[in-house]
Structures are given as structure tokens and as C-alpha cells.
Amino acid sequence: MNFIDTHTHLDGEEFAADLYEVVGRAREAGVSKVFVPAIDLKSVDTVVETCSKFPGYAYPMIGLHPEEVRADWNSVLDEMYKRLQPGHPFIAVGEVGIDYYWSREFEKEQLMAFERQVEWSIETRLPLMIHCRKGQNEMVSMLRHYADELPGGVFHCFTGNEHEAEELLQFERFVLGIGGVLTFKKSHLPEVLPSVVPLNRIVLETDSPYMAPVPMRGKRNESAYVAYVLQKLAECYGVDLQCVADTTNATVNRIFGI
């Protein structure tokens, strides 16, 4: 049984000492592919370099994370856009979006940077990997302007309620990325997801090294642990593990063409 981790920061310093062991454990656990998002200009290079070590297994994305948006966002995106020439290796525009959780200092800049990268997605037909925290209203309002043109994508790390899920699923070519939060004791996702989200609108993710699932919570997360997310989804939807693996794999293929 194989399945896919659609979001891991494998290029991070947290994996520098044992990168090949981490990938080896992921393969042993059944992870057949991993997708690696960029977060800033420097990480575009580290993501590509890391993925080049695992051809056909690790796939890079390109984007400016909302928490990394500063006053120089426009020039940063100018440099990133140069990497999107024909023959580029990227499978998605990400990790991009809106995050007002810590600060609204660069509120307008985040919105403008996000919109520009949404336009990249439309131009290149690459799906979006969207990060959103405390900004769903603003994000949805913007995406509605482009709804007919967007190729699709993932609302990464979904942790919301039924209403928020239904609002996001109105974007028909988008799906929800579900990770370790599903397994947390106080999470309401085990009730929310089966009630309003069809299984074929979900992809698996870890967001490693962050947010390790139970029973690994508190440890460094890694792609092998996506198996715990798969197990919990199977329990929530009342289906077997193979069903979750097959369904989420087909969804990844539909969104990313991989």
C-alpha cells in the first residue's frame, strides 16, 4: 500500500543530519512520493537541491510564504518568477497565502503577494498550495475573483469547522490537506470531515517537521508519520486503509498530475 505526503519541509535544517534516513523510513512506511514547498527566495534553491537528491520521489514547489512577506515582497517575487521559465521543475505554486495569526504588520503586502502568486498559478496552470491562518475571509474573497480561471490546489493544514470546510469546497478544483491535527485529542476534525467533506476532496500531509500526529506528538514530525493520519482518516470515514490510500492518491493525481 502506497500513499503520498503532499507537504513536507524536507529541505529544513531539522533534517540536515539524517535526511537519507528520514526518506528511507518514509519509503518503508509506504510513502511513495513527497512534495516540498518553498517559503522564501533562499528556500527555492534548497528545495530544488533537496528534491534533486530523490528524483521521482521528492517534488519541489515555488512560493513566498505569507509569514515571510516583507516590504521587499515585490522584488522577491520578481526573482522567484525568473525561476518559472519553461523547463522548470516545480509542480505547484506554494506555500503561499495569508497569515494574520501573529501580526498584521504587512497585511496589505500579504494580500498583494498572494494575488500575484495566484496569477502565476493561472498563467502556468500549476496548482496552488495555500496556507491560511486567521485570514479565510480575505482569502476566499480574493479567490472568488479568479474562481473560473484557477487550475486548482490544496488548502493546506485545514483545521476548521463545517462552515469553513463547505466554504472552501465551493472551489471545485480544490481539496483540503489533512495532517496530524486530525489525531489530536481535542481536534474536532474527526466529526467535521465525515459530515461535510467527501473523502475524494482530501489529500494527506505532514507539514513535517511540525505538528507530529499522535502517537508521535511532541517529536520532530517526518513523512513516515503520514501513515498515522491515513489510519485516523480510515477510522473517521469507516473505510479500510487501502480505500483511503487509493482515494487520496487519485486526488493527488487529479490536482498535481503526478
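Within 6.0 Å of NZ on K53 lie more than 12 heavy atoms contributed by other residues, nucleotides or ligands. Shown here is Q85, whose CD atom has more than 12 heavy atoms of other residues, nucleotides or ligands within 6.0 Å. Within 6.0 Å of NE2 on H163 lie no more than 12 heavy atoms contributed by other residues, nucleotides or ligands. Around the OH atom of Y100, the shell of radius 6.0 Å holds more than 12 heavy atoms that belong to other residues, nucleotides or ligands.
If you take CG on N249 and CZ on R254, they are separated by 12.0 Å, rounding to the nearest 0.5 Å. T159 OG1 to N161 CG: the interatomic distance, rounded to the nearest 0.5 Å, is 9.5 Å. Taking CG of L143 as the start and CD of E115 as the end, the distance is 9.5 Å to the nearest 0.5 Å. Atoms CD and CZ, on E123 and R116 in that order, are 10.0 Å from each other to the nearest 0.5 Å. Residue F3 holds its CZ atom at 11.5 Å from CG of L233, rounded to the nearest 0.5 Å. Between the CD atom in E222 and the CG atom in L19 there is a gap of 11.0 Å [rounded to 0.5 Å].
In this structure, E235 contributes its side chain and Q231 its backbone to no donor-acceptor pair below 3.5 Å. Side-chain atoms of E205 come within 3.5 Å of backbone atoms of C157 as a donor-acceptor pair (strictly under, hydrogens ignored). Listed for the R173 side chain is a donor-acceptor partner under 3.5 Å among the backbone atoms of L150. No donor-acceptor distance shorter than 3.5 angstrom exists from the side chain of D5 to the backbone of V34, with no hydrogens or angles considered. E162 places no side-chain N or O within donor-acceptor distance of the main-chain N or O of V196, the cut-off being under 3.5 Å. Between the side chain of Y225 and the backbone N or O of R217, no donor-acceptor pair lies under 3.5 Å. No side-chain donor-acceptor contact under 3.5 Å links S141 to the backbone of N137. Q110 places no side-chain N or O within 3.5 Å of a backbone atom of E107 that could act as its donor or acceptor partner.
Of the options L204, T6, N200, a side-chain contact (heavy atoms from CB on, under 4.5 Å) to T248 is made by L204 and by none of the others. Checked against L230 for a side-chain contact (heavy atoms from CB on, under 4.5 Å), the options V244, L182, I178, V31 give a single hit: V244.
Of all the heavy atoms in P60 and C51, the pair that sits closest is N-SG, 3.5 Å. Scanning all heavy atoms of the two residues, the minimum distance from N221 to Y210 falls at ND2-O, 2.8 Å. Residues F174 and R201 share a closest heavy-atom pair of O-NH2, 2.7 Å. Across all non-hydrogen atoms, the minimal contact from A212 to F184 is O-CE2, 3.4 Å. Taking every heavy atom of both residues into account, P194 and C236 meet most closely at CG-O, 3.5 Å. In terms of heavy-atom proximity, A92 sits nearest to L126 at CA-CB, 4.1 Å.
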Show your reasoning for whether salt bridge (charged side-chain N to carboxylate O under 4.0 Å, His left out) applies to E79 and K82. CA-CA 5 Å; E79 287 300 310; K82 294 176 183 177; 2.9 Å; yes

Could you go through the side-chain contact (heavy atoms from CB on, under 4.5 Å) check for L64 and V69 one step at a time? CA-CA 7 Å; L64 180 61; V69 170; 3.9 Å; yes

Determine whether V96 and S121 satisfy the following criterion, side-chain contact (heavy atoms from CB on, under 4.5 Å), listing intermediate values before the conclusion. CA-CA 11 Å; V96 305; S121 171; over 6 Å; no

Start with the C-alpha gap between D40 and S43, add the side-chain angles, then the distance that decides, and say whether side-chain hydrogen bond (donor to acceptor under 3.5 Å, both in side chains) holds. CA-CA 5 Å; D40 57 18; S43 72; 3.1 Å; yes

What do the steps show when you test T50 against D11 for side-chain hydrogen bond (donor to acceptor under 3.5 Å, both in side chains), and what is the final call? CA-CA 6 Å; T50 299; D11 64 311; 5.5 Å; no

For V175 and F158: C-alpha separation, side-chain torsions, deciding distance, then whether side-chain contact (heavy atoms from CB on, under 4.5 Å) applies. CA-CA 10 Å; V175 299; F158 177 76; over 6 Å; no

Between M1 and D240, is the side-chain contact (heavy atoms from CB on, under 4.5 Å) condition met? List the steps. CA-CA 11 Å; M1 182 172 62; D240 61 28; over 6 Å; no

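Sorted pairs that involve residues 180-194 and meet side-chain hydrogen bond (donor to acceptor under 3.5 Å, both in side chains), not counting sequence neighbours, are lacking altogether. Sorted by first and then second residue, the ring pair (Phe, Tyr, Trp, His ring centres under 6.0 Å) pairs with a member in residues 12-52 read Y20-F54, F35-Y59, F35-F256; sequence neighbours excluded.
With a 4.5 Å cut-off on side-chain heavy atoms, R133 and E67 count as touching. Contact annotation: the side chain of L77 approaches that of W120 to within less than 4.5 Å [non-hydrogen atoms, C-beta and beyond]. Using a 4.5 Å heavy-atom cutoff, the side chains of K232 and L193 are not in contact. The closest side-chain heavy-atom distance from V140 to F171 is below 4.5 Å. For the pair V22 and R220, the minimum side-chain heavy-atom distance is below 4.5 Å.
Transitive grouping of hydrophobic side chains (ILVMFWY, heavy atoms separated by less than 4.5 Å) brings V229 and L176 into a common cluster. Residues I4 and L10 do not share a hydrophobic cluster, clusters being chains of Ile/Leu/Val/Met/Phe/Trp/Tyr side chains in contact below 4.5 Å. Hydrophobic clustering (side-chain heavy atoms under 4.5 Å, transitive across Ile, Leu, Val, Met, Phe, Trp, Tyr) keeps M61 apart from F114. V192 and V154 sit in two unconnected hydrophobic clusters of ILVMFWY residues. Membership requires side-chain heavy atoms under 4.5 Å apart, directly or through other members. One hydrophobic cluster, built from ILVMFWY side chains closer than 4.5 Å, cannot hold both I91 and L84; they sit in different ones.
Seen from the ring of F90, R83 does not count as a face-on cation partner, given the 6.0 Å and 45° thresholds.
Taking the side-chain contact (heavy atoms from CB on, under 4.5 Å) definition, one finds that R70 meets it with E68, D72, F106, sequence neighbours left out. Checked against side-chain hydrogen bond (donor to acceptor under 3.5 Å, both in side chains), T8 has the following partners two or more places apart in sequence or in another chain: S208. Under the side-chain contact (heavy atoms from CB on, under 4.5 Å) criterion, C132 pairs with Q136, M139, sequence neighbours left out.
Members clustered with W102: Y101, by chain and number, using a 4.5 Å side-chain heavy-atom cutoff among hydrophobic residues.
By the 30° and 60° cut-offs, the orientation of the rings of H7 relative to H9 is perpendicular.
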